[in-house]
**Q** 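Here it is, the structure in full.
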Amino acid sequence: MPTPGRIRLADALGTLPFLNPRELKVLQAAAFETVEDVLMRVPRRYEDRRSTKPIATLVNGETVSLMVHVYSAGWRFSYKRYFEVSAGAEGDPYGARIYLRWFNMPYVAKLLAMGMNLSVYGKVKEYAGKLTITNPDFEIMEDEDAGHRLVAAAMGGIPVSLPDMPDTDLIHTARIVPIYRGISGMSARSFRALVWRLLQELPADTPQPGYDVAPAYPFREALQDIHFPASPEVSHKARMRFALAECFRQQFTVAWKRRRTQGRVGQITAAGDGYLQELLESLPFSLTPAQQRCVAEIRQDMEKPQQMNRLLQGDVGSGKTLVALCAMLLAVESGKTAAMIAPTQILAEQHYNNFRRLLKDMDVRLSLRTSDRADDSDIIPEVGYGDASPRIIVGTHALLYKKNRPVNLGLAVIDEQHKFGVAQREKFINCGDNPDVLVMTATPIPRTLTLTLYGDLDVSVIDELPANRGEIITALRTPAQMKKIISFMRTELEAGRQIYIVSPLIDESETRQQASAIKELEKWRAVFPDVNIGLLHGRLSAEEKDAVMGDFRAAHTKILVATTVVEVGVDVPNATIMMINDADSFGLSQLHQLRGRIGRGQYKSYCILLSTAKPGEPGREKLEVLCSTLNGFEIAEEDFRLRGPGDVLGTAQSGLGTVRFAEWLSDMRLIHRANRDATAILDADPELRLPEHAPLRALIEHEEEQGIVG
Ligand code: ADP
Ligand code: MG
């Protein structure tokens with residue numbers, strides 16, 4: 001029998017007297033160590049089994065809760081042996097009957113006997129005119145206390161030991177029943193019964209482990225409400241409480257980190273703006289007001305002797321690179337080296353060439369330093385990378401490694417930061433001389449998530465696109481319409497424009513990717529025999545990629561057949577068509593990125609999404625979203641809704657791996673509240689010295705050990 005108050009959250013499962021060794025092993029194999037681990041496994045969903053139905057109203061195929069009386073019970077045999085109970089309403093021996101059948105569950109025969117009252121849940125099926133339920137969930141109603149004794153009678157006088165029946169409450173039927181993610185080796189029923197038992201034995205005043213964010217709603221009560229809610233409203237309330245606790249933990253860590261980095265000693269990396277003015281005067285256009293504002297915000301940070309930690313956000317094509325270049329020129333003028341790190345070789349070279357063009361009449365040194373492999377074994381010989389004199393260096397993540405790290409580094413710019421991991425970013429931020437850090441991201445992130453992921457950074461947003469941009473038309477087409485598409489392509493080619501044709505990576509194997517890319521190339525060569533067509537895929541070496549991009553940029557090739565290598569950052573303003581094969585197999589944000597490759601000049605551009613997905617099919621919805629808006633922030637929000645942040649950003653690097661509750665994303669208020677609470681605590685007690693903040697100190701220490709904070 002349960003003994004309330006006997007166990008603690010931190011108790012190891014092995015110390016529980018009522019857990020059998022087999023279940024213990026299964027649970028440990030599934031990484032459950034303590035009582036808390038089990039109780040923090042929250043239900044994936046619930047089944048409302050509250051309303052019971054009279055048998056006479058049942059129809060074939062419906063899933064129901066029933067309260068029934070057992071009129072007879074015994075073994076039957078058809079093609080297989082099974083145990084059958086014939087049941088009906090209590091006190092109505094001649095009324096409608098339901099037949100409950102259990103296959104392969106001999107223990108059921110030991111539990112059930114004539115005269116018992118049962119609560120039953122399952123799906124009704126009609127066989128040969130009989131209403132049946134196969135392997136229903138059931139519980140013996142204990143208030144009919146004759147039940148126990150009758151069992152002995154039914155087993156022919158041989159006493160059978162009944163398992164420890166919890167108490168009169170129903171766990172699996174006639175209530176809102178929790179459904180958990182499956183654990184291999186353990187039935188849903190056993191796990192549910194275990195949770196119930198643990199809750200029974202947990203003292204009523206069990207406090208929340210760590211810091212309690214909502215003391216007004218006792219933790220123990222919330223646990224009960226989330227596992228065995230009395231109503232859907234109650235389970236929602238409990239879920240919110242747990243979600244808040246989780247958001248708080250995350251926001252607190254971020255707020256702590258922010259305080260630690262914010263005041264951190266750094267370098268003054270901006271003084272004069274001679275170079276900056278020179279650049280701006282040489283441009284054929286002027287900065288957009290949003291770009292100007294961002295440059296000013298960045299400059300203010302750089303003028304201070306603290307380290308800058310700033311995120312520059314902006315939709316595709318909003319002109320982030322130029323803002324970064326402005327910052328880098330400020331750094332160089334102040335006597336420091338500035339480095340820009342791009343996620344791919346292609347991008348690094350593009351930036352380098354772009355800067356070389358922009359800075360050609362200026363007295364600023366510029367170097368390129370890249371490697372197309374993560375092991376940085378084959379660093380391409382740098383262009384002028386010898387001494388410590390201030391310069392701009394463009395490179396790939398090879399620059400992050402110690403032996404390549406630029407000397408005299410004053411400013412580090414990380415382009416397309418979402419392609420790097422948090423750890424890589426931190427590596428930079430924490431490197432020896434505390435350079436100013438500017439990270440740029442092109443997957444626009446909804447505000448809530450910015451706070452969550454980048455709460456430790458200051459944020460500048462470029463919220464407008466340069467004027468004079470050509471319109472972008474997005475169209476959904478099927479391969480059956482290819483003839484028309486081709487004739488349209490020809491028109492654009494004749495007008496001097498260029499075309500991207502992108503296919504998804506259908507195969508992980510690089511060799512097969514290459515094969516299918518080459519096949520695609522041959523197909524288009526047959527369609528446009530008179531046109532130069534380039535091919536870009538992941539198998540090419542850095543030099544080859546560079547040559548292919550160079551040819552396309554210089555319009556030597558008019559069509560570029562490519563895999564998603566062109567996804568980020570590539571800038572060829574003369575290209576006006578982006579055709580995407582099997583568009584539905586891409587993620588929304590990725591499609592938006594691809595579309596961002598066109599409409600970068602003054603020409604009207606066309607994004608053609610090829611897909612066979614029909615209206616209502618899963619892949620179709622996102623394509624319709626894409627057709628309906630050009631706004632990257634809206635698209636990102638939709639993408640997060642459809643796929644969840646882990647999939648959009650990659651769990652490992654997003655730091656979202658531990659988030660169990662989905663609600664936090666949909667409920668901005670939760671995050672804001674958590675953020676406010678965290679800030680208030682740190683304002684009042686910056687070093688966490690107060691005794692009530694001891695759990696928070698422990699949290700930080702724990703995370704510091706894990707290398708998450710610091
Ligand atoms: P992203 O923000 O996607 O990285 P880029 O920095 O590559 O965008 O800029 C996209 C294009 O817009 C580039 O060709 C760049 O030269 C151009 N550009 C940047 N700022 C302006 C501006 N203020 N007016 C006109 N064109 C601009
Ligand atoms: Mg860019």
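Numbering of ligands and ligand atoms starts at 1, following listing order. Throughout, residue positions are numbered sequentially from 1 according to the sequence presented.
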**Q** Which is it for M440 and ligand 1 at heavy atoms under 4.0 Å: side chain, backbone, both or neither?
**A**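 The answer is neither; M440 stays 4.0 Å or more away.
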
**Q** Which is it for L287 and ligand 1 at heavy atoms under 4.0 Å: side chain, backbone, both or neither?
**A** backbone

**Q** Any non-hydrogen atom of R469 lying under 4.0 Å from ligand 1?
**A**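 It does, in that a heavy atom of R469 comes within the 4.0 Å cut-off of ligand 1.
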
**Q** How about D363: does its CG atom have over 12 heavy atoms from other parts shown lying under 6.0 Å from it?
**A**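 Incorrect, the count does not exceed 12.
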
**Q** Considering the heavy atoms of T288, write down every atom of ligand 1 situated less than 4.0 Å from one of them.
**A** 23 (N)

**Q** Is any NZ, NE, NH1 or NH2 atom of the basic residue among D571 and R553 found under 4.0 Å from an Asp or Glu carboxylate oxygen of the other?
**A**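 Looking at R553 together with D571, the answer is no, because their closest N to O distance does not fall below 4.0 Å.
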
**Q** What I want to know is whether P466 and ligand 1 share at least one N or O pair that is separated by under 3.5 angstrom.
**A**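 No - when backbone and side-chain N and O of P466 are compared with those of ligand 1, no distance drops under 3.5 Å.
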
**Q** Heavy atom of S286 under 4.0 Å from ligand 1?
**A**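 Checking ligand 1 against S286, which is what was asked, there is a heavy-atom contact under 4.0 Å.
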
**Q** Check for me whether G317 has a heavy atom closer than 4.0 Å to any atom of ligand 1.
**A** yes

**Q** Just by distance, with hydrogens left out, do Q345 and K545 show a side-chain donor and acceptor under 3.5 Å apart?
**A** no

**Q** Under 4.0 Å from a heavy atom of V316: give me the atoms of ligand 1 that qualify, with their elements.
**A**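 Close to V316: 3 (O).
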
**Q** Do Q350 and T321 have side chains that get closer than 4.5 Å, going by heavy atoms?
**A**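 Heavy-atom side-chain distance check fails, nothing below 4.5 Å.
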
**Q** Would you say G319 has any N or O atom under 3.5 Å from an N or O of ligand 1, going by distance alone?
**A** yes

**Q** Per the side chain to side chain donor-acceptor pair (under 3.5 Å) rule, what does the pair list look like for residues 493-505, sequence neighbours excluded?
**A**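 Pairs touching residues 493-505 that pass the test: R497-N574, R497-Y603, Q498-N574, S503-N581.
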
**Q** Tell me whether R293 contacts the main-chain N or O of V461 through its side chain, where contact means a donor paired with an acceptor under 3.5 Å.
**A**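 A pair under 3.5 Å: yes.
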
**Q** Could R299 and D273 be called an ion pair, given the rule that one side-chain N must be under 4.0 Å from one carboxylate O?
**A** yes

**Q** Answer yes if the side chains of T557 and D551 hold a donor-acceptor pair under 3.5 Å, and no otherwise.
**A**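 No, no side-chain donor-acceptor contact under 3.5 Å.
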
**Q** Closer than 4.0 Å to some heavy atom of T321 - which atoms of ligand 1 meet that?
**A**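 Those atoms are 4 (O), 5 (P), 6 (O), 7 (O).
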
**Q** Go through ligand 1 atom by atom and flag the ones less than 4.0 Å from a non-hydrogen atom of L322.
**A** 20 (N)

